[in-house]
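In the text below, chain A, chain B and the rest are named by the order of the sequence lines, each starting its count at 1.
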There are 2 protein chains.
Amino acid sequence: MNAAPPEEIAFNIAAVERDTGLPKDTLRVWERRYGFPAPARDAHGERQYPPEQVEKLRLIRRLLDHGHRPAKICGASSEELMQLLAQHGRAAGAGEEGGCDTRLLECVCLHRSAELAAGLRQALLKQGLQRFVAETVAPLATAVGEAWLRGELEVSEEHLFSEQVQNLLRSAIGAQAGTGGRPRILLTTLPDEVHVLGLLMAEAMLVPEGASCVSLGTRTPLADIRNAAAGGDFDIVGLSFSIAYPSRQAIDDLLELRASLPPRIALWAGGAAVRDRQRRLPGVRVVGDLDDTLAALREWRSARENAD
Amino acid sequence: MNAAPPEEIAFNIAAVERDTGLPKDTLRVWERRYGFPAPARDAHGERQYPPEQVEKLRLIRRLLDHGHRPAKICGASSEELMQLLAQHGRAAGAGEEGGCDTRLLECVCLHRSAELAAGLRQALLKQGLQRFVAETVAPLATAVGEAWLRGELEVSEEHLFSEQVQNLLRSAIGAQAGTGGRPRILLTTLPDEVHVLGLLMAEAMLVPEGASCVSLGTRTPLADIRNAAAGGDFDIVGLSFSIAYPSRQAIDDLLELRASLPPRIALWAGGAAVRDRQRRLPGVRVVGDLDDTLAALREWRSARENAD
DNA sequence: CATCGGTTTTGTCCACGACAAAATGCCGAA
DNA sequence: TTCGGCATTTTGTCGTGGACAAAACCGATG
C-alpha cells in the first residue's frame with residue numbers, strides 16, 4: 001500500500017536543464033506564462049521538479065524539434081503529447097522504418113550488446129561499407145531516434161547503439177584509408193551540434209570513392225574550421241546538422257562560414273536541419289541524403305575536370 | 001596603420017559561455033564582484049565581450065581547473081596568467097612530457113593529419129595495444145592537454161588528435177573483441193564528463209586481458225548506468241573522470257552510484273579527478289593510472305577465485 | 001507561388017538580492 | 001606530524017519580474 005510516491009526523487013532546475021536540454025531561463029518563463037511546468041518548492045523556495053514533469057518536458061522538447069509551439073502543447077496531457085509524437089513516428093516510419101532491420105532494432109531495445117555488434121558486423125560484411133551505411137545504419141539510426149523520441153529507449157540504449165556503430169565504421173574507414181586522393185575533405189560539426197554519426201556515415205560513403213577525409217569530430221568553432229580548412233590544403237568542408245539543430249542558425253552559420261572561406265574551397269552541408277534549404281544557401285552544396293553525397297562528389301570531380 | 005581594432009567582432013554572453021564553458025550567471029557575478037570581465041554594451045544594454053577578454057577568460061578557466069581561485073586571478077593581466085599556466089606546464093611536463101613522442105606531438109601542432117595517423121599506426125604495430133596506450137597515447141594526451149591549456153593548440157588540433165586516436169583504438173579493440181570472457185565491464189562517464197579518450201584507453205588495456213567490455217560512451221545519467229549494469233549481467237562498472245571534473249562532485253556521484261548498485265557489481269573509477277581519493281570512496285576501486293587498471297583486474301580475478 | 005509588412009509568440013537578457021555549497025583556515029585529538 | 005571537525009570566507013547558483021530582439025506566423029500584394 002505504498003501509494004505515496006517517493007518524494008525524495010525530485011530534480012532541481014539544473015538537473016532538468018541537463019536532462020531535457022531546455023535552458024533554465026526557458027523553464028522559468030514557461031512556468032510564468034503557461035503554468036507548466038509547475039514544480040514544487042523546497043524549504044528555500046527552490047524549484048523541485050517531480051519526475052513526471054521532467055518526462056513531460058522531454059516529450060515537449062521533442063515536439064518542439066518537430067515544429068510544434070510551446071503555447072499549444074504545454075497545456076496538453078502527457079497522453080495527448082504521446083499521441084502527437086506517435087503521429088510523427090508513423091509519418092516518418094512509413095517512409096523509413098519499414099526498411100530497417102527490425103532484428104537489430106530489437107537488439108538495441110533489449111540491450112543485447114554482443115548480438116548487436118555481431119549483427120552489425122555481419123551486415124557490413126554482406127553489404128559492403130557503402131550499402132551498409134545507406135541501407136542498414138541510416139534507417140536504423142532514424143528508427144532509434146524515433147523510438148527515443150517516443151520514450152521507448154533509455155539513454156543507455158541509444159548510447160550503446162551509437163558506440164557500436166562508431167566502432168564498426170571507424171574500423172572500416174580506417175581499413176581503407178587511402179593516401180592523397182582528391183578531393184581532400186574536412187568533416188566536422190559546429191559547436192552546438194554534438195551528433196557524430198552523420199559525419200561518420202558521410203565519411204564512410206566518401207572514402208571508398210577515393211576521397212581523403214579528415215574528421216575533426218563534433219563541436220569545432222567556426223573560426224577554427226576556417227583556419228584548418230585554409231591551412232590544410234582542403235578542397236571541401238563538410239558539415240553535418242541533426243534534426244535538433246535550429247534551422248535558422250544553421251543557415252546563418254553556413255553563410256558566415258561561406259563568406260570567410262576561400263572561394264576555391266567548396267562547402268557542403270547535410271542533415272535534417274538543412275534539407276530543402278538549398279535556395280537560401282547560395283554557395284553551399286546541400287547534401288540531401290547519403291546517396292546525394294556520392295552525387296555531390298561526382299559533380300565536384302566533373303566540375304574540376306572542366307576547370308582544368 | 002590600421003590601429004583601430006575591428007569593432008564588429010564582439011561576443012554576446014551566450015557565445016562566451018559556449019567558448020569558455022563559464023555559465024552566464026558566473027560571468028555576470030564576476031563582473032559585479034571583481035570588475036572582470038568588463039564587456040562593452042550595445043545599444044540595448046547587452047554585454048559585448050571583446051575577443052581579448054574572451055581569451056583571458058579562457059586562461060582563467062584553465063587556471064580554475066588547476067585549483068586557482070577567481071578572486072585572486074581575475075585582477076591579473078593576461079601575461080601573468082600565462083606565466084601561471086606555464087608553471088603548471090613545467091610542473092606536469094617534468095614528470096610526463098619528457099616521455100612523450102615529440103615527433104607525434106609536432107604532427108598535432110602542425111596539423112599534419114596523415115603523418116600523425118601513420119605515426120600512431122606505426123607505434124601501435126611496434127608496441128602492441130597495451131604498451132601503445134600506456135607509453136604513447138597517454139603521455140601524448142597529457143602533452144596535448146597541457147599545450148592546449150597554455151593556448152599553444154587550436155581547438156581543431158586537439159580535435160584532430162582525439163579523432164585519430166579514437167579511430168585507431170576502436171579498430172584495435174574491435175579486432176580482438178573476445179566473446180564472453182570475464183569480467184564483464186560496463187564503461188561510461190557521467191553526464192558532465194565529455195572526454196572519451198580515458199574510456200577508450202581503459203578498454204584497450206582490459207580487452208587484451210580477456211575481459212568483455214561494453215562502452216556506452218560519454219554522458220550517461222546515473223540512473224541509466226544502474227539500470228544497464230544490473231540488467232546486463234555485468235561484474236564491474238568503470239567510470240572515467242578528466243581533470244576538469246569537479247572532484248567533490250565526482251565523490252558524491254560515485255557514492256550515490258555505489259549505494260544504488262547491487263553489491264555484487266564492483267565500481268571502478270579512474271582519472272585525475274579521483275586520483276588519491278580512495279580514502280573517501282569506500283566500496284569504490286580507484287584506478288590510479290593505466291597500469292593500475294591491470295592490477296585492479298588481477299585483484300578482481302583472484303578475489304573471485306577465492307570466493308568460488 | 002514567392003515576397004513583403006505587420007502581429008504575435010517565444011527565448012534570452014538584464015539587475016540585484018539571497019543563500020547553499022565549496023574552499024580555506026584554525027584548533028584540538030589521535 | 002596528520003587527521004577530523006568547526007567557523008569563516010569565497011563562490012556559484014537560484015530567485016523575481018521586466019524588457020525586448022528574434023523568430024514564427026499570417027495575410028495581402030506583386
In this structure, how many angstroms lie between the [atom2] atom of [N] and the [atom1] atom of [X], rounded?
X: B:Lys72; N: C:dG25; atom1: NZ; atom2: C1'; answer: 11 Å
X: B:Ile73; N: D:dT10; atom1: CD1; atom2: P; answer: 15 Å
X: A:Leu64; N: C:dG11; atom1: CG; atom2: P; answer: 7 Å
X: A:Arg28; N: C:dA15; atom1: CZ; atom2: C1'; answer: 13 Å
X: A:His44; N: C:dA21; atom1: NE2; atom2: C1'; answer: 11 Å
X: B:Glu46; N: C:dC14; atom1: CD; atom2: C1'; answer: 8 Å
X: B:Ile13; N: C:dG11; atom1: CD1; atom2: P; answer: 19 Å
X: B:His68; N: C:dA23; atom1: NE2; atom2: P; answer: 15 Å

* Does a nitrogen or oxygen in the side chain of A:Tyr34 sit under 4.0 Å from OP1 or OP2 of C:dT9? -> no

* To do: Apply side chain to side chain contact (heavy atoms under 4.5 Å, CB included) to the pair B:Thr20 and B:Val54, showing each step before the final yes or no.
  => CA-CA 7 Å; B:Thr20 64; B:Val54 178; 4.1 Å; yes

* Looking only at atom types and distance, does a side-chain atom of A:Glu31 sit under 3.5 Å from a main-chain N or O of A:Arg28, one as donor and one as acceptor? -> no

* Sidechain-backbone polar pair: A:Asp292 side chain, A:Ala295 backbone, donor-acceptor under 3.5 Å -> no

* How would you label the contact of B:Arg33 with the nucleic acid (heavy atoms, under 4.0 Å): base, sugar-phosphate, or nothing? -> base

* Asked: When all nucleic acid strands are considered with a 4.0 Å heavy-atom cut-off, which category describes B:Arg47: base, sugar-phosphate, or nothing?
  -> sugar-phosphate

* Hey, is the side chain of A:Arg32 pairing donor to acceptor with the base of D:dG18 inside 3.5 Å? -> yes

* B:Arg58 bridged to B:Glu55 by N-O distance under 4.0 Å -> yes

* Which nucleotide in the set C:dC13, C:dC14, D:dT11 lies at the smallest distance from any side-chain heavy atom of B:Lys24? -> C:dC13

* **Nearest-neighbour nucleotide for the A:Val29 side chain, D:dT11, D:dG15, C:dG11 considered** => C:dG11

* To do: For A:Asp25 and for B:Thr26, locate the closest nucleotide of DNA chain D by heavy-atom distance; then report the residue assigned to the nucleotide nearer the 5' terminus.
  => B:Thr26

* Asked: Does the side chain of A:Thr218 pick up a donor-acceptor pair with the side chain of A:Glu193 at under 3.5 Å?
  -> no

